[in-house]
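The next block holds one structure in the form of structure tokens; read it before the comments.
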Amino acid sequence: MVADRAASQWNALESYRDRTSFDLRAMFASDPERASRYTFSAGDLAVDLSKHLIDDEVLRRLIALARAAGVEERAQAMFAGERINSTENRPVLHVALRAGPEDTFLVDGTDVVAGVHEVLDRMAGFASRVRAGEWLGHTGKPIRKIINIGIGGSDLGPVMAYRALRHYRHPDIEAEFVSNIDPAHLVAVLADADPAETLFVIASKTFTTLETMTNARAAKEWLLDRFDGDKSAVARHFVAVSTNADAVSEFGIDTANMFGFWDWVGGRYSFDSAIGLPLMIAIGPEAFGEMLSGFRAMDHHFRDTPIEQNVPALLALIGVWYRNILGYPTYAVLPYAQDLDRFPAYLQQLDMESNGKRVGLEGIAVGRDTGPIVWGEAGTNGQHAFYQLLHQGTSVVPGDLIGFLEATDDLGMQHDFLMGNLFAQAEALAFGKTEEEVAAAGIVPELVPHRTFPGNRPTSVILAPRLTPAVLGQLVALYEHKVFVQGAVWGINSFDQWGVELGKVLATRIIGELGATDPGELSHDASTNALIERYRNYRA
Ligand code: F6P
């Protein structure tokens with residue numbers, strides 16, 4: 001078992017923690033080089049790790065842990081196309097989605113790169129026709145609105161990237177993303193849609209997901225209602241992205257209008273596959289290609305850089321230090337960029353669906369904490385909501401502050417105000433304000449405790465020149481590989497998601513009970529029975 005293999009490295013970390021204090025003020029005072037020594041670069045990203053509660057010895061012991069846990073071998077196995085998703089018996093090859101033509105990625109001895117590029121080329125051809133107004137709707141009008149219907153990995157990546165790359169979008173084509181099974185979501189989006197100019201992208205790896213299929217059927221009915229039931233309209237207004245051609249055709253979408261991907265791409269690792277079709281239509285094949293090159297640059301950094309300088313691995317190991325050794329249960333992602341407002345939600349699925357596991361690869365309880373609770377919000381909004389707790393609460397919440405040197409929108413000094421806030425927050429969290437400093441500022445004694453900041457609240461600062469497609473690709477790949485390394489250290493399978501199944505099964509059963517004319521006796525627990533009864537009585 002991996003955890004056992006690394007037992008002495010875990011012990012070494014714990015014993016070092018017990019005999020060392022990690023005081024950022026003291027560590028900065030004693031080491032004038034700390035900021036530069038702990039700032040690393042990967043692609044266009046400069047990642048300052050100096051405000052973390054680490055020193056050289058912590059890093060040395062964490063790296064030893066990673067090596068003992070077999071992180072490097074597992075990364076090699078991933079890149080080699082081995083079936084490291086053992087509970088689903090699949091390779092994990094999202095890295096092949098951004099392969100260059102010169103690259104080779106083998107699945108069962110067959111190179112998959114040509115297939116990846118074939119789909120990308122088909123996507124590019126289709127996206128270009130839509131963008132040029134050449135793909136016409138049923139009544140001969142060009143498409144002006146894309147409605148992506150998908151959920152989880154078939155939604156969060158595309159919507160996050162669509163928002164992030166606002167400046168690269170086609171001026172006359174907008175995209176909407178419908179995910180929730182709450183009818184409010186689809187109805188609100190359709191309220192503004194002209195069926196003659198709308199293209200639905202039904203995005204589902206399995207093409208069985210309840211939310212997506214329900215919304216897709218409702219969208220099809222909506223369209224047919226407006227075209228007098230003429231089924232030939234579907235071919236002009238619906239395309240699919242899926243691995244399940246049979247289900248796509250059964251739904252009524254011509255598989256000529258289907259863009260495929262492969263079971264070796266996990267849903268939450270898929271937005272650079274055909275799942276990115278709405279994004280490619282919005283930003284164009286060229287910008288999409290730049291995004292892929294950003295992913296690729298980070299893949300190469302991850303694959304080729306020793307752990308000592310490997311930014312995703314270092315971020316991951318520092319996260320392990322906090323989660324397992326210092327006992328901090330959550331991790332915040334705080335992008336100082338409004339266009340990255342859905343980035344925390346995207347990372348929640350990436351991280352928590354991947355590493356929210358309690359059983360290791362051998363099916364035995366891991367015996368230590370695994371994936372942290374990931375959350376966040378775009379700065380500066382978060383500052384006026386929950387940063388109070390970050391600064392003075394009883395829990396230490398480590399996090400990443402992400403910012404850009406160049407503004408995407410020029411409004412005088414406003415970008416300086418934004419970045420000034422980012423730098424200030426990292427400084428205030430790290431160094432706080434002592435009682436002596438507060439008192440010296442003339443604060444009345446009874447208010448001194450209230451106005452004191454403990455500091456020692458760790459953050460990374462991740463800076464990039466500008467929020468471009470390539471930089472977005474680098475950022476996403478950075479976190480994909482971070483999650484990978486943490487999963488490898490914990491010895492879990494980061495690529496299945498059995499934990500979502502029970503709720504799906506129970507929901508299907510309960511939905512039947514809610515609508516049944518003769519529901520019979522309910523046989524859930526007393527609380528669930530009562531909730532169902534209350535709903536049924538009200539609806540009756
Ligand atoms: O929530 C479970 C899940 O399977 C995710 O892993 C996935 O991204 C999402 O549902 C959507 O799945 P699909 O793309 O098959 O509709």
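Computed from a predicted model, the values in this text were never measured in an experiment. Remember, it's 1-based here, ligands and their atoms both numbered in the order they're listed.
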- Message: Only heavy atoms of Gln497, strictly under 4.0 Å: list the atoms of ligand 1 that pass.
- Response: 6 (O)

- Item | Thr209 neighbourhood, listing ligand 1 atoms whose heavy-atom distance to it stays under 4.0 Å | 12 (O), 13 (P), 15 (O), 16 (O)

- Taking the six-membered ring for Trp, are the ring centroids of Phe295 and Phe271 within less than 6.0 Å of each other?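 Close enough - the centres of the two rings lie under 6.0 Å apart.
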
- Do Tyr162 and Phe177 have their ring centres less than 6.0 Å from each other?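 Yes; Phe177 has its ring centre under 6.0 Å from that of Tyr162.
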
- Is ligand 1 under 4.0 Å from a heavy atom in the side chain of Lys205, in the backbone, in both, or in neither?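 For Lys205, backbone and side-chain atoms both sit under 4.0 Å from ligand 1.
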
Which residue and atom name correspond to the protein heavy atom nearest [atom], and how close is it?
| atom | answer |
| --- | --- |
| atom 9 (C) of ligand 1 | Ile151 O, 3.7 Å |
| atom 15 (O) of ligand 1 | Thr206 OG1, 2.6 Å |
| atom 8 (O) of ligand 1 | Gly153 N, 2.7 Å |
| atom 10 (O) of ligand 1 | Lys504 NZ, 4.4 Å |
| atom 1 (O) of ligand 1 | Glu353 OE2, 3.3 Å |

- Task: Mark yes when over 12 heavy atoms from residues, nucleotides or ligands other than Arg534 sit less than 6.0 Å from its CZ; otherwise mark no.
- Result: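 It does not: Arg534 CZ has 12 such atoms or fewer within range.
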
- Just wondering, more than 12 heavy atoms not from Glu286 lying within 6.0 Å of its CD?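 For Glu286, atom CD is not crowded (no more than 12 foreign heavy atoms under 6.0 Å).
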
- Query: Side chains of Asp400 and Tyr479: do they bring a donor and an acceptor to under 3.5 Å?
  - Reply: yes

- Applying a strict 4.0 Å limit to heavy atoms, is Glu211 in contact with ligand 1? no

- Message: How close do Leu361 and Ser86 get, counting heavy atoms only, and between which atoms?
- Response: CD2-OG, 3.8 Å

- Message: Let me confirm one number: the OG1-CG distance from Thr370 to Asn355, rounded to the nearest 0.5 Å.
- Response: 7.0 Å

- Using distance alone, decide if ligand 1 has a nitrogen or oxygen within less than 3.5 Å of any nitrogen or oxygen in Thr212.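 Looking only at distances, the answer is no, because the N/O contact criterion of under 3.5 Å is not met.
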
